[in-house]
Amino acid sequence: MAGDLLHQCLGEQGEQCFGWAARRMRLSAFSKMNTTAMSPLTVTPLGFVPDLKNSTLDPLNETACENWKEIHHLVFHVANICFAVGLVIPTTLNLHMILLRGLLTIGCALFIIWATLYRCALDIMIWNSVFLVVNLLHFIYLVYKRRPIKIEKELSSLYKRMFEPLHVPPELFQRLTGQFCNIQTLKTGQAYAAEDKTSVDDRLSILLKGKMKVSYRGHFLHNIYPCAFIDSPEFRSTQMNRGEKFQVTIIADDNCKFLCWSRERLTYFLESEPFLYEIFKYLIGKDITNKLYSLNDPTLNDKASKKIDRQPSLCSQLSVMQMRNSMASTSDSEDGLQMFLRGTSSASSLLTGPAERLP
């Protein structure tokens with residue numbers, strides 16, 4: 001074929017003949033290539049039909065991992081270790097929430113370092129920055145709640161003796177003593193309450209320092225020592241009946257300092273704190289019991305009263321206020337006072353036996 005073309009070109013003019021021959025050769029080569037490429041297909045009047053016997057299919061496992069990438073940097077693995085350790089901390093541990101938030105914060109910080117320096121992934125860095133801020137704020141809040149509460153020096157002994165053994169948190173005690181109460185003082189001989197004159201509706205107090213003595217119509221009844229309620233009988237007996245007066249006189253035997261609550265505001269506060277309300281019920285009941293015992297033993301001192309505090313009470317439901325009122329209803333003479341003391345001896349003798357066996 002190439003020879004025939006050459007002979008034709010010899011009879012025609014130079015460039016046109018050679019250009020025509022080149023085009024014929026290119027078309028011939030293209031037709032051979034198409035014939036070879038279309039060999040797996042059979043042409044029919046209806047179109048192309050694939051020849052499944054001679055054709056080969058490409059693999060479709062586009063999502064399969066044929067070549068695993070190399071392991072990430074050590075920072076990535078340390079961050080995940082922090083997350084794992086934080087999640088397996090037992091909840092019985094006292095500081096488990098602080099440790100959890102701290103490890104999550106460290107893990108997020110390491111992820112930010114890994115995404116910025118070794119991965120160059122902006123989305124990973126942004127998300128972990130958000131998680132870092134959330135966990136860091138929660139961590140700071142938890143640490144702030146665990147901060148040591150500083151209790152005033154004048155109130156520390158009161159808290160350790162009366163409230164700490166009953167598991168009252170320091171922050172709750174601080175709320176109790178920091179909002180609607182104040183510390184007042186009395187000099188020797190000054191009266192805290194005068195019988196038939198001072199109202200019992202105004203306040204509730206605990207003696208912090210010094211000593212007070214309680215008397216009725218000039219007759220000594222008992223002493224009040226530090227960390228004891230001053231007017232617990234009146235507070236308990238007048239919770240339902242308001243407008244009553246003290247039936248006894250309470251005078252400072254030394255220079256005294258006491259913590260004084262506004263009764264109305266204290267009542268509202270205790271209604272909002274059920275746990276502290278129960279604590280007050282118990283403390284006031286125990287204080288009334290101690291005062292019952294001291295009525296039969298006026299020589300009871302502060303050291304002995306601390307021992308009595310640790311003894312179980314059999315008279316916690318009795319009201320000293322009712323006994324004080326019975327004194328006024330019997331007689332105005334000294335014989336009436338003696339009858340009252342003899343009447344209370346049977347109740348207080350229940351405590352005498354255990355008290356005598358105290359070490």
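In terms of modelled atom types and a separation under 3.5 Å, the side chain of Ser272 and the main chain of Phe269 share a donor-acceptor contact. Arg236 contributes no side-chain N or O that, together with a main-chain N or O of Ile288, makes up a donor-acceptor pair within less than 3.5 Å.
Taking every heavy atom of both residues into account, Glu154 and Lys257 meet most closely at OE2-NZ, 2.9 Å. Nearest heavy-atom pair, Ala79 versus Gly107, reported as atom, atom and distance to 0.1 Å: CB-O, 3.5 Å. Residues Ser157 and Cys227 share a closest heavy-atom pair of O-SG, 4.1 Å. The two residues Asp201 and Glu244 come nearest to each other via the heavy atoms OD2-N, 4.2 Å. Scanning both residues, Gly86 and Leu100, for their nearest heavy atoms gives O-CD1, 3.1 Å. Here the closest non-hydrogen pair linking Ala194 and Thr198 is N-OG1, 2.9 Å.
Tyr216 and Thr249 share no side-chain donor-acceptor pair at under 3.5 Å.
Applying the 4.5 Å side-chain rule to ILVMFWY residues, one finds Ile112, Leu122, Met125, Leu132 in the same cluster as Ile126. The hydrophobic side chain of Val130 is isolated, with no ILVMFWY side chain under 4.5 Å apart from it.
The side chain to side chain donor-acceptor pair (under 3.5 Å) check on Lys213 picks up nothing, with sequence neighbours excluded. Partners of Asp231 under the salt bridge (Lys or Arg N to Asp or Glu O under 4.0 Å) rule, at least two apart in sequence or in another chain, do not exist in this structure. Contacts of Val134 classified as side chain to side chain contact (heavy atoms under 4.5 Å, CB included), with partners at least two apart in sequence or in another chain: none. With sequence neighbours left out, Lys209 forms a salt bridge (Lys or Arg N to Asp or Glu O under 4.0 Å) with no residue at all. Partners of Cys181 by side chain to side chain contact (heavy atoms under 4.5 Å, CB included), not counting sequence neighbours, listed by chain and number: Thr177, Leu259, Trp261. Take Thr188 and apply the side chain to side chain donor-acceptor pair (under 3.5 Å) test, not counting sequence neighbours, and it matches Asn255.
Between Phe173 and Tyr159, the ring-plane angle classifies as tilted under the 30° and 60° cut-offs.
A distance of 11.0 Å separates OG1 of Thr105 from CG of Leu110, quoted to the nearest 0.5 Å. To the nearest 0.5 angstrom, Phe111 atom CZ is 11.5 Å from Leu104 atom CG. Between atom CZ of residue Phe76 and atom CD1 of residue Ile124 there is a gap of 8.0 Å, rounded to the nearest 0.5 Å. To the nearest 0.5 Å, the span separating CG on Leu186 from OH on Tyr192 amounts to 9.0 Å. Rounding to the nearest 0.5 angstrom, the gap separating the CD1 atom in Ile250 from the OG atom in Ser215 is 9.0 Å. The structure places CG of Leu87 at 11.0 Å from SG of Cys82, a figure rounded to the nearest 0.5 Å.
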Task: Worked verdict on Phe229 versus Leu207 for side-chain contact (heavy atoms from CB on, under 4.5 Å) - done: CA-CA 6 Å; Phe229 286 94; Leu207 186 62; over 6 Å; no
Task: Verdict with supporting geometry, Ser232 and Lys291, side-chain contact (heavy atoms from CB on, under 4.5 Å) - done: CA-CA 9 Å; Ser232 56; Lys291 287 180 170 56; 3.9 Å; yes
- [ ] Evaluate side-chain contact (heavy atoms from CB on, under 4.5 Å) for Leu266 paired with Phe280, printing each intermediate quantity in order.
- [x] CA-CA 11 Å; Leu266 175 63; Phe280 258 74; 4.1 Å; yes
Open item on the list: One pair to check against side-chain contact (heavy atoms from CB on, under 4.5 Å): Ile230 and Ile206. What are the steps and the verdict?
Closed with: CA-CA 6 Å; Ile230 299 175; Ile206 296 179; over 6 Å; no
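In summary, the aromatic rings of His72 and Trp114 are positioned with their centroids under 6.0 Å apart.
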Anything under 3.5 Å between a donor and an acceptor, one on a side chain of residues 135-144, the other on a protein residue two or more places apart or in another chain? List them.
residue: Asn135; atom: OD1; partner: Arg101; partner atom: NH1; Å: 2.8
residue: Asn135; atom: ND2; partner: Phe131; partner atom: O; Å: 2.8
residue: His138; atom: ND1; partner: Arg101; partner atom: NE; Å: 3.1
residue: His138; atom: ND1; partner: Arg101; partner atom: NH2; Å: 3.1

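Hydrophobic clustering keeps Val133 apart from Ile113 (ILVMFWY residues linked when any side-chain heavy atoms are closer than 4.5 Å, directly or through intermediates). In terms of hydrophobic clustering, with Ile, Leu, Val, Met, Phe, Trp and Tyr side chains grouped at heavy-atom distances under 4.5 Å, Phe235 and Tyr277 are assigned to a common cluster. Under the 4.5 Å side-chain heavy-atom criterion for grouping Ile, Leu, Val, Met, Phe, Trp and Tyr, Met212 is not connected to Ile251 through any hydrophobic cluster. Under a hydrophobic-cluster definition in which Ile, Leu, Val, Met, Phe, Trp and Tyr are linked whenever side-chain heavy atoms come within less than 4.5 Å, directly or via other members, Val168 and Ile149 are assigned to different clusters. The hydrophobic cluster containing Leu172 also contains Leu176, counting ILVMFWY residues as joined when their side-chain heavy atoms lie under 4.5 angstrom apart, directly or transitively.
Ion pairing of Lys211 with Asp253 is present here, as a side-chain N (NZ or NE/NH1/NH2) and a carboxylate O approach within less than 4.0 Å. Using a cutoff of 4.0 Å between basic side-chain nitrogens and carboxylate oxygens, Lys245 and Glu195 are not scored as salt-bridged.
Surrounding CD of Glu264 are at most 12 heavy atoms belonging to other residues, nucleotides or ligands under 6.0 Å away. The 12-atom threshold is exceeded at CG of Leu117, counting heavy atoms of other residues, nucleotides or ligands nearer than 6.0 Å.
Applying the salt bridge (charged side-chain N to carboxylate O under 4.0 Å, His left out) rule to pairs touching residues 171-194 yields Arg175-Glu273, sequence neighbours excluded. Among residues at least two apart or in separate chains, there is no side chain to side chain donor-acceptor pair (under 3.5 Å) pair with a member in residues 75-98. Sorted by first and then second residue, the salt bridge (charged side-chain N to carboxylate O under 4.0 Å, His left out) pairs with a member in residues 129-153 form an empty list; sequence neighbours excluded.
Using a 4.5 Å heavy-atom threshold, the side chains of Val214 and Asn223 count as separate. No side-chain heavy atom of Met97 sits under 4.5 Å from any side-chain heavy atom of Ile89. Side-chain atoms of Tyr118 and Val75, non-hydrogen and from C-beta on, do get closer than 4.5 Å to each other.
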